[in-house]
Asker: 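Attaching a single structure in structure tokens format; questions to follow.
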2 protein chains.
Amino acid sequence: MKTVDLSACPVCSKLKIDDEGAFLEDLKCSIKTYAKNELILRQGDVCDALYMLTLGSVKTEMITDNGNILGIEIIKAPRPLAPAFVFSDNNRFPVDVTALEEVEIMKIPKAEIMRLMMTNPDFMSSFMTHNANRTQFLTNRLQLLSIKTIKGKVAHFLLENSAVDNKTFIINRNQTELADFFGVARPSLARCLSEMVQDGIISINKKEYRILNSKKLRELLI
Amino acid sequence: MKTVDLSACPVCSKLKIDDEGAFLEDLKCSIKTYAKNELILRQGDVCDALYMLTLGSVKTEMITDNGNILGIEIIKAPRPLAPAFVFSDNNRFPVDVTALEEVEIMKIPKAEIMRLMMTNPDFMSSFMTHNANRTQFLTNRLQLLSIKTIKGKVAHFLLENSAVDNKTFIINRNQTELADFFGVARPSLARCLSEMVQDGIISINKKEYRILNSKKLRELLI
DNA sequence: ACGAGAGTGTAACAATTGTTACACTTTTAT
DNA sequence: ATAAAAGTGTAACAATTGTTACACTCTCGT
């Protein structure tokens, strides 16, 4: 059974491997499966290995001190989960990870990662780049959270997600998830969205969003 | 002139180098100095090299779309600035960096970093760990920002900064900087602080903060 | 096709925070 | 030493967001 497509993985794609099967057998790793909605990793868990999502998709969310949920992101296989934290001094998971469907996770010991990095320059480079991109993602998240008004967050989010040429796009989150993502209350988000629709700035049809007036949308950032 | 103490640097400390001088001469890098309050790096600048702060201290802050300032951290030499971003796909600086005093910065090309990593396992390990710790720092920042009430942020911050045994400590930020750090308005922070003092939860004397009632402080997180 | 449950729209009201303004204190530079 | 600048306390008011509640629509499984 081939469960992993290494070439699609951001940190493994550059590996020059003759025999993928042999490579994976060589790797001292264990594989575990999880059912839909199962909690895979808990915020605060010790992170002594690299967890590679090899099949399915998961969501990560942060539980704040006050019990609020802050949605972080949805991750689809194949991709490593929180790869940076394997190497941190206080190596604990920063988020809860929950299975969105049937999921398969490969657990690779830290020592194995070290070995791969030392013997394989391309792997090292990919791993570094991937981690750097993750940091950039976190920075963007920080930027989004630091916008104080909900309309500003929405504007930032929509402008970021809209291609230059295409002003219509699908957002694969329902309103509740979107509110979690922004760290605001659901009815507050609904109010802002409906006001923006009334003002002719955007239109919403189910999960399809369209920017009608990007000038006004940009003004909401000010 | 010896400007750098490698042993104090989080990513260079483990380097086994006989002749520090020769090592630094070998490194294809350039050194530049900046005056107090000078803007060293601007958010969005292309980041094609590792910037190592070798002397002095700087502050980093993020300018959000709406022009607000979000204070991130104060960095003292020796330490690399935004090391993760050298390797990111979209390698641009995430923050403004401003000199807090006379500052010296060493610019090391990306290729040199790669060479060091490949030839020096300890350097690689330190670099990885440092980047991981930076990610963890960003995650903590994210957690702080996701707390919605100002008192909650203050409580989180104070509890995080207070040692277990010592309930008194110095915060080297004035009220304005603290407000920027929390991403709130200065008078709002002042109001919360004075209420917390009135309620006998904390006491403040200039920059010395003391926790008087840690139980009540913890309740503010709920 | 139909009922249960999830998701959405919206309203009234409460709570928190932001804004602006100004007096006052402390620090810094000359 | 003294003026200028930076930092702090605080008040009135505006604006935004959260809370709670409920009706309505849509989706999905049986």
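First the proteins, then the strands, lettered A, B, ... as listed; each starts at 1. Note that the coordinates shown come from a computational prediction; the quantities given were computed from them, not determined experimentally.
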Asker: For DNA chain C, whose closest nucleotide is more 5', that of B:P187 or that of A:S194?
Answerer: A:S194
Asker: Are the side chain of A:T129 and the backbone N or O of B:F87 linked by a donor-acceptor pair below 3.5 Å?
Answerer: yes
Asker: Check the distance between D:dG7's P and B:N172's CG and give it to me in whole angstrom.
Answerer: 13 Å
Asker: Would you please classify the geometry between the B:F169 ring and the B:Y209 ring as parallel, tilted or perpendicular, with 30° and 60° separating the classes?
Answerer: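 B:Y209 and B:F169: parallel rings.
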Asker: For B:K206 and for A:S188, find the nucleotide of DNA chain D with the closest heavy atom, then tell me which residue's nucleotide is more 5'.
Answerer: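 Going by which nucleotide is closer to the 5' end, it is B:K206.
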Asker: Should A:E219 and A:K215 count as an ion pair when the cut-off is N to O under 4.0 Å?
Answerer: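 Salt bridge flag = yes for A:K215 with A:E219.
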Asker: For B:I204 and C:dT26, give me the distance from atom CD1 to atom C1', rounded to whole Å.
Answerer: 16 Å
Asker: Nearest of D:dC26, D:dT10, C:dT16 to any side-chain atom of B:T149?
Answerer: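 Of all the options, the side chain of B:T149 is nearest to C:dT16.
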Asker: Looking at C:dG9, does its base get a donor-acceptor pair with the side chain of A:R186 below 3.5 Å?
Answerer: yes
Asker: Calculate the interatomic distance between A:L193 atom CG and D:dT16 atom P; express it in whole Å.
Answerer: 16 Å
Asker: Rounded to the Å, how far apart are B:N174 CG and D:dA5 P?
Answerer: 18 Å
Asker: Give the nucleotide from the list D:dA12, C:dT27, C:dA12 with an atom nearest to the side chain of A:R191.
Answerer: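 When the side chain of A:R191 is considered, C:dA12 is the closest of D:dA12, C:dT27, C:dA12.
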Asker: Please give, in whole Å, the distance from D:dT19 C1' to A:L189 CG?
Answerer: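 Taking atom C1' of D:dT19 as the reference, CG of A:L189 is at 15 Å.
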Asker: Would you kindly give the CD1-to-P distance between A:I150 and C:dG18, to the nearest whole Å?
Answerer: 13 Å
Asker: For B:K148 and C:dA14, what is the distance between atoms NZ and P respectively, to the nearest whole Å?
Answerer: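 Interatomic distance, NZ of B:K148 to P of C:dA14: 21 Å.
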Asker: Taking only Lys NZ, Arg NE, NH1 and NH2, and the carboxylate oxygens of Asp or Glu, determine whether A:E195 and A:K151 approach each other closer than 4.0 Å.
Answerer: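 Yes, A:E195 and A:K151 are salt-bridged.
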Asker: Take atom NZ of A:K207 and atom P of C:dG7, then tell me their distance rounded to the nearest Å.
Answerer: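 These atoms are roughly 8 Å apart.
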Asker: If you compare every side-chain N and O of A:Q175 against the phosphate oxygens of C:dG9 (OP1, OP2), does one of them come in below 4.0 Å?
Answerer: yes
Asker: Do the side-chain N and O atoms of B:S57 and B:E101 include a donor-acceptor pair separated by under 3.5 angstrom?
Answerer: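 Result is yes, a qualifying pair exists.
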